[in-house]
Amino acid sequence: MEAPFESNPLIDRLPEHLKQFIKPQDYADYTPINQAVWRYVMRKNVDYLSKVAHSSYLDGLKKTGLEVDSIPNMYGMNRILKEIGWAAVAVDGFIPPNAFMEFQAYNVLVIASDIRQLEHIEYTPAPDIIHEGAGHAPIIANPEYAEYLRRFGEIGCKAISSSRDYEMYEAIRLLSILKEAEDTPEEEIKKAEDQVEFLQNNMGELSEMSRIRNLHWWTVEYGLIGTVDNPKIYGAGLLSSIGESAWCMTDEVKKIPYDISAADQSFDITKPQPQLYVTPDFAHLSLVLEEFANTMALRTGGLSGIKKLIHSNALGTIELSTGIQISGLFTNVIEHEGKPVYVQTTGKTALSYREKELVGHGTQYHAEGFGSPIGKLKGINLAIEDMSPRDLRAYDIYEAESVTLEFEGNITVTGEIITGSRNLQGEIIVISFKNCTVTHNETILFQPEWGVYDMAVGKKVIAAFSGPADVNSFDMVNHVPSTHTIKAKKSLEREELEGLYKSVRTIREGNQNKELLPNIFTKLKSSHPNDWLLSVEIVEILKDKNEPKLLEEVLIHLENVKQKRPEIAHLISGGLDLIFKKELV
């Protein structure tokens, strides 16, 4: 079934490789228990967070159309988000970090449309609609923060990963799914935990993606704002967790002034955070982001940038000083005196200029890879790109001329020039040769039988980044995760309990007779004695009905549940506190 995404034109702008992650939000899949979980968490959050969250949170709840009583319909949200220049799409759990950040760059909020089980009402390691919808969405109504999020996505999606990063993503995704699923055998969870721990201990030097994900975690997900002594919450992970939002405000959690050192502070997604970072304001977040971006190959380029791409074993791009961009799988670089003098890709490669593929230089033409010298000609102070037409003629860099170009680092190109392409500034960016031989010392890098040799022109590498220059150059619809979230199991017992929750919801909404409550409670108590949330909802209705006898029965039952299940006693007390307007502790 196609999702009705037309409610927000921002989604239409998304490239196909991002659309592959979008799935329809089938609102009918949300059960009455799901709705009750949303309502409990939101009621607790709004009450508590009004005291400890950044002021943008409550303002944003109104602006983004989030309701306390009902799980949001994303297509309704989209009509409202459109007013603040954003959109929302549903996805299945965790998606790859590059894709997640690229969505942000397009001003699109990614929302995992599943919702946590009642058993995990306080916290789940899996992304869900409470975390994404109630955590991320309200804060983006703040324009300064929304721009930080967009800019973070724009820079973050260019961060170069290591070959281990995707393994780590898949391992964490699997662990979050298994922990959230019902009745997962302990040995399966232990195996998944061991794999995550093994990868965490064997990641080697942190990649750009690992480091910028750390910044994302300590700001967007778990950030505090204000002063170390008096912080407020703005991170979505805290805003969506009734357990951690209270825990993080205690002295048990160390508060650290936020700076770029957070890029090297790793995190464990399955546990409460032992320390959190406090930014003085949202503007400071952007300053640190730009400071980090200045360390990325996106801005530093050079030999180290190419080596990062080779190490990533993934599609990437280098940009030369003329603006020409080479996109492909980088497999080799020849260096001389700390500089790259020849670069090589394997397999499909595309050449672009200003993120637009050059005509005739797509992946079908460069299907077997691409190699080119980089740098200046030996013994000549003037780089090819800086030569005037008269200079080019003097050095025989001219159509139909046979020429030998000796580059620094002993790269030699010998052949007959067919033609050249220039950029808008008039600099030559590509020279094509026939009958061409390219060598490095005694090693042949290209020979005449291989056809036309296209040489990219540039004296240095000014940028290196993840992904292609032109997103249309490659078919990237191939990174859908190998695992899927696990839905709640159906049983006659569960269906009966869902029916009771539905009846109480319709009574509260005024669509069913309140006189049914005694029978509902009797059935609940006899057939589902361990359930606690529905009894709390019944108490809420009875308090306003002036039925002290039944109310007392339900409260006694809840006390018994607290005795039998001490691990959820504080959840019952928290729900009752809201109803009876007690001071929250």
Side-chain angles (χ1 to χ4, degrees), residues 8-15 18 53-66 77-89 97-111 131-159 208-209 211-226 231-240 257-260 262-263 277-296 298-299 355 465-467:
N8 195 315
L10 283 174
I11 297 167
D12 297 331
R13 293 174 48 223
L14 292 172
L18 291 183
H54 188 264
S55 58
S56 298
Y57 175 74
L58 292 177
D59 293 342
L61 280 177
K62 299 168 190 167
K63 288 180 182 174
T64 51
L66 288 167
M77 271 182 73
N78 267 323
R79 287 190 289 275
I80 298 167
L81 286 171
K82 182 180 175 182
E83 300 301 314
I84 58 174
W86 280 72
V89 294
N98 287 82
F100 181 88
M101 292 189 193
E102 195 173 355
F103 270 109
Q104 284 182 199
Y106 281 94
N107 282 28
V108 175
L109 193 62
V110 173
I111 295 181
H131 172 82
E132 314 284 6
H136 286 294
I139 297 293
I140 64 168
N142 179 300
E144 194 175 19
Y145 181 74
E147 174 54 21
Y148 167 70
L149 205 61
R150 185 203 67 78
R151 182 69 172 155
F152 199 109
E154 190 173 53
I155 292 170
C157 71
K158 300 294 188 186
E208 288 181 353
M209 177 53 75
R211 297 183 75 225
I212 203 167
R213 279 185 67 219
N214 287 344
L215 290 184
H216 194 271
W217 183 264
W218 299 120
T219 61
V220 176
E221 297 293 352
Y222 279 84
L224 298 175
I225 188 168
K232 299 290 185 184
I233 296 171
Y234 74 91
L238 297 172
L239 292 173
S240 59
Y258 178 64
D259 60 29
I260 197 169
Y277 290 85
V278 186
T279 183
D281 47 47
F282 288 140
H284 183 68
L285 297 179
S286 296
L287 289 177
V288 174
L289 177 61
E290 292 301 321
E291 185 182 355
F292 181 82
N294 286 336
T295 71
M296 291 171 60
L298 174 67
R299 294 186 182 174
E355 287 73 49
F465 54 87
S466 175

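Heads up: numbering here begins at 1 and tracks the sequence.
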Minimal non-hydrogen separation, Leu239 against Ala53, with atom names: CD2-CB, 3.9 Å
Whether Tyr148 and Phe152 hold their rings parallel, tilted or perpendicular, with breakpoints at 30° and 60°: perpendicular
Distance-only side-chain donor-acceptor flag, His216 / Gln104, under 3.5 Å: yes
Minimal non-hydrogen separation, Ala159 against Ser466, with atom names: O-CB, 3.1 Å
Close side-chain approach of Asn107 to Leu81, heavy-atom, < 4.5 Å: no
From Met296 atom CE to Arg211 atom CZ, the distance as rounded to the nearest 0.5 Å: 10.0 Å
Check against side chain to side chain contact (heavy atoms under 4.5 Å, CB included), His54 and Asn142: CA-CA 10 Å; His54 188 264; Asn142 179 300; 4.2 Å; yes
Interatomic distance, Tyr258 atom OH to Ile225 atom CD1 [nearest 0.5 angstrom]: 12.0 Å
Verdict with supporting geometry, Lys158 and Arg299, side chain to side chain contact (heavy atoms under 4.5 Å, CB included): CA-CA 10 Å; Lys158 300 294 188 186; Arg299 294 186 182 174; over 6 Å; no
Donor-acceptor contact present, side-chain Asn214 to main-chain Ala263, <3.5 Å: yes
Gap between atom OH of Tyr234 and atom OG1 of Thr219 - 0.5 Å precision: 4.5 Å
Exercise: identify the closest heavy-atom pair between Lys82 and Pro9: CE-CD, 3.9 Å
Pair His136-Val220, side chain to side chain contact (heavy atoms under 4.5 Å, CB included): steps then yes or no: CA-CA 8 Å; His136 286 294; Val220 176; 3.3 Å; yes
Audit row: Asp281, Glu144, side chain to side chain contact (heavy atoms under 4.5 Å, CB included) steps and yes/no: CA-CA 10 Å; Asp281 47 47; Glu144 194 175 19; 5.8 Å; no
Side-chain donor/acceptor of Asn78 to backbone N/O of Ala87, under 3.5 Å: no
Ion pair check, Glu147 and Arg150, cut-off under 4.0 Å: yes
Residue pair Pro15 / Glu102: nearest heavy atoms and the distance that separates them: CG-OE2, 4.2 Å
Taking every non-hydrogen atom, the tightest pair across Ala141 and Ile84: CA-CD1, 3.9 Å
Considering all heavy atoms, the nearest Gly223-Leu238 contact: O-CD1, 4.0 Å
Close side-chain approach of Tyr57 and Ile139, heavy atoms under 4.5 Å: yes
Leu289 side, atom CG; Ile155 side, atom CD1 - distance, nearest 0.5 Å: 4.0 Å
Distance (rounded to the nearest 0.5 Å) between Ile260 CD1 and Leu287 CG: 11.5 Å
Ile212 side, atom CD1; Phe292 side, atom CZ - distance, nearest 0.5 Å: 5.0 Å
